[in-house]
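Every chain is numbered from 1 and lettered A, B, ... according to where its sequence line falls, protein lines coming before strand lines.
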There are 2 protein chains.
Amino acid sequence: MAAKPPYHHGNLKPALLEAALQLISEVGPAAFTLREVARRAGISHNAPYRHFREKDELLAAIAAQGFERLGDALANPGPWKSGAGSGAGKPALERFQASGLAYVRFALNAPEHLLVMFDWPLTPAHYPNLAASAERAFSILVGLVQGAQTEGSLPPGDAMEQACIAWSMVHGVAKLAISHRLPFRNEAEALSFAARSIQALYDGMAPPKSGPKKRGGRG
Amino acid sequence: MAAKPPYHHGNLKPALLEAALQLISEVGPAAFTLREVARRAGISHNAPYRHFREKDELLAAIAAQGFERLGDALANPGPWKSGAGSGAGKPALERFQASGLAYVRFALNAPEHLLVMFDWPLTPAHYPNLAASAERAFSILVGLVQGAQTEGSLPPGDAMEQACIAWSMVHGVAKLAISHRLPFRNEAEALSFAARSIQALYDGMAPPKSGPKKRGGRG
DNA sequence: ACCTGAACACCGTTCAAGT
DNA sequence: ACCTGAACACCGTTCAAGT
């Protein structure tokens, strides 16, 4: 097998995306350069222009890929709490809360994706794929809210507003966690904090009233 | 008449910071260049190096300035809710919630500051002023949490954890709002949403226990 | 001290030319 | 079609030199 074929036979585009992600994970999106991506792919510095009109179009492709994967993660999240009592009581609520955890898990596992998706100034109007995949991910979240409303786990009312509030919560946790501004040493601690944040948003941070006991305690 | 004095007499550093902020607000931190800042200040392209060791040091100065102003805003926030019924019951709680609103207001009024503070990869260990001002701002938040705990408006327990949860909430709202990912057309709508998010975190998103539907406790 | 022009090694993007 | 080297106008940073 030739170690470095002089010509790529049509598989250059995915190879460029992969090399770009690897580079961003090393140097961040700000220091990311197209010429270095080309170097790592073993091609000349302007060959990428056969596949991407400009640098931002490559970044937009990465962002769109990220929103697709994020949408998949939201639609098919892992378990919410493995522990006691999560039997069959409130499946829609559990999926809603698990999707929040999946959001943070996605960020921790692919921080370079999240950075390009949210911290790079891409005009979404110019990249329809990006706008569509972002829209899809948000729609999935709204659907989870509506499911919990139907179930009675969330109050009736504006599902989009409730989705935006939940989104803000997990987005804040994700952004602060991957920029190492929260005091966590590993992914498990960060995910545990994310779960507590999601629970706090559902139950409220207020101290329990002297009357009826609050729901959803841990333990 | 002297529109452009050929020499700056010691006031060049603040002039550079101001020009830099203006430029960032126009093009974003990614497209921000030191040479353009120098051009706007009317000096040669390497004169800034008399005041900043490198480009990142200027950005670190901007970030530190931002954390100072953010800390001031948290310590002295505006009113929480001007309207009905917020009499004089819980001043510490109201200051805590108002500080969250002040966080979002700061972001909306100085988005270029927030971008540099949180979205530029500055190694904080290399810029002590930045680390100190960020630490101060966070300490103010923790103090507000402790005040609410003493008052009984927040449950006893880890004040830092509660501060991190509240921070994540308002940071998510701020970041999504200034990147125009939430459906708001003006600052008033965004601030109103921020207030509802803060209230939701305090009260919980769960429907009230005496709600319309079956709401059996768990088990 | 503070500022300057020239220089270096980069970068994004374009273009005429190769196979 | 897909790739190439040369070129252009930038950029961050350095340096010897001016006042």
In this structure, how many angstroms lie between the [atom2] atom of [N] and the [atom1] atom of [X], rounded?
X	N	atom1	atom2	answer
Leu58(B)	dT13(D)	CG	C1'	15 Å
Arg35(A)	dA7(D)	CZ	C1'	11 Å
Leu12(B)	dA1(C)	CG	C1'	13 Å
Arg40(A)	dC11(C)	CZ	P	12 Å
His51(A)	dT13(C)	NE2	P	16 Å
Tyr49(A)	dC11(C)	OH	P	12 Å
Lys13(A)	dC2(D)	NZ	C1'	15 Å
His45(B)	dC8(C)	NE2	P	13 Å

Validation row, ring centre His171(B) to ring centre Phe118(B) under 6.0 Å: yes
Close aromatic pair by centroid cut-off 6.0 Å: Trp80(A) and Phe96(A): no
Donor-acceptor pair present, Arg50(B) side chain and dT4(C) base, under 3.5 Å: no
Sugar-phosphate only, base, or nothing, as touched by Ser44(B) at under 4.0 Å among non-hydrogen atoms: base
5′-ward residue of the pair Ala47(A)/Glu36(B) relative to DNA chain D: Ala47(A)
Counterpart base for dG18(D), defined by Watson-Crick or G-U wobble contacts under 3.5 Å: dC2(C)
Partner nucleotide, any strand, of dC8(D) [Watson-Crick/G-U, under 3.5 Å]: dG12(C)
Side-chain ion pair, Glu189(A) and Arg185(A), N-O less than 4.0 Å: no
Selection from dT13(D), dT14(C), dC3(C) that lies nearest to any side-chain heavy atom of Lys55(B): dT13(D)
Neighbour count >12 (heavy atoms, 6.0 Å) for atom CD, Glu187(B): yes
Note, Ile140(A) side chain near Arg136(A) side chain (heavy atom, < 4.5 Å): yes
